[in-house]
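Presented below is the structure to which this report refers.
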Amino acid sequence: MSMRVRGMEKLSFQNQHVKWPQRISHFTTRQSSTGAGMDPLLRKRMDNLADLFVEARDELEMADESKGTTYYNEDSEQAMSAVAEAVSEYKSILASLEEPARGEFQRGNGLKMAQLEGELEMLLTDDDH
């Protein structure tokens, strides 16, 4: 599965073959389509992170669309909150992992978190002008 993100190249959410058993990338830690060998708690946290990412993107889009309306202030606050929650969960998962899983997770997801923060900054900066 892949998705188009405004201002970014196509992001791929498919796993690639690696030599070590538990690949942590793109909000998943699947070795296979069944997720064999993954800690169930980690899987739940990764699924939650994926949901938070989608929610934050939706909130950013809604806030952007509401610019110039009476709804903008509330929508931008919700976007800020959603981005903060997604980034916080990402950092929490990252802190709980050990190498090499930590590095793999960071390489696979760090840009997505930076994208959220960048889009929020653009939204708020555009509002100042």
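FYI, side chains are in, hydrogens and waters are out, and symmetry mates aren't considered; it's all heavy atoms of this structure.
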_Asp75 vs Lys67, test: side-chain contact (heavy atoms from CB on, under 4.5 Å). Steps then yes/no._
CA-CA 9 Å; Asp75 288 350; Lys67 282 184 180 176; over 6 Å; no
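- Looking at residues two or more places apart in sequence or on another chain, you find a side chain to side chain contact (heavy atoms under 4.5 Å, CB included) between Met62 and Glu59.
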#### Entry: Trace of the side-chain contact (heavy atoms from CB on, under 4.5 Å) decision for Leu60 with Asp64
CA-CA 6 Å; Leu60 285 165; Asp64 190 52; over 6 Å; no
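- Between the CZ atom in Phe105 and the CG atom in Leu42 there is a gap of 8.0 Å [rounded to 0.5 Å].
- Listed here is the closest heavy atom pair of Leu97 and Ala101: CD1-O, 4.1 Å.
- Asn109 contributes atom CG, which lies 6.0 Å from atom CE of Met113 (distance to the nearest 0.5 angstrom).
- By the 6.0 Å contact criterion, CD on Glu65 is enclosed, its count of non-hydrogen atoms from other residues, nucleotides or ligands being greater than 12.
- Every residue was checked against the side chain to side chain donor-acceptor pair (under 3.5 Å) condition with Glu85, not counting sequence neighbours, and none meets it.
- Closest approach of Ala79 to Ala63, counting heavy atoms only: CB-CB, 4.2 Å.
- Hydrophobic clustering (ILVMFWY, side-chain heavy atoms < 4.5 Å, transitive): Val87 and Leu120 are in one cluster.
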Could you check Gln115 against Phe53 for side-chain contact (heavy atoms from CB on, under 4.5 Å), going step by step and ending with a plain yes or no? CA-CA 10 Å; Gln115 171 206 342; Phe53 177 81; 3.8 Å; yes
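- Taking CG of Asp58 as the start and CD of Gln78 as the end, the distance is 11.5 Å to the nearest 0.5 Å.
- In plain terms, the two heavy atoms of Leu49 and Ala86 that are nearest each other are CD1-O, 3.5 Å.
- Residue Tyr90 comes nearest to Gly110 through the heavy atom pair OH-CA, 3.4 Å, listed as atom of the first residue, atom of the second, then distance.
- A donor-acceptor contact shorter than 3.5 Å is absent between the side chain of Ser88 and the backbone of Ala84.
- The CG atom of Leu94 sits 11.5 Å away from atom CD of Glu89, with the distance rounded to the nearest 0.5 Å.
- If you chain together hydrophobic residues whose side chains sit under 4.5 Å apart, Leu123 and Val83 fall into the same group.
- Applying the side chain to side chain donor-acceptor pair (under 3.5 Å) criterion to Ser92, with sequence neighbours excluded, gives Arg45.
- Within 6.0 Å of atom CD in Glu98, 12 or fewer heavy atoms from other residues, nucleotides or ligands are found, so the atom counts as exposed in its surroundings.
- Of the possible polar contacts, none joining the Glu121 side chain to the Thr125 backbone as a donor-acceptor pair under 3.5 Å is found.
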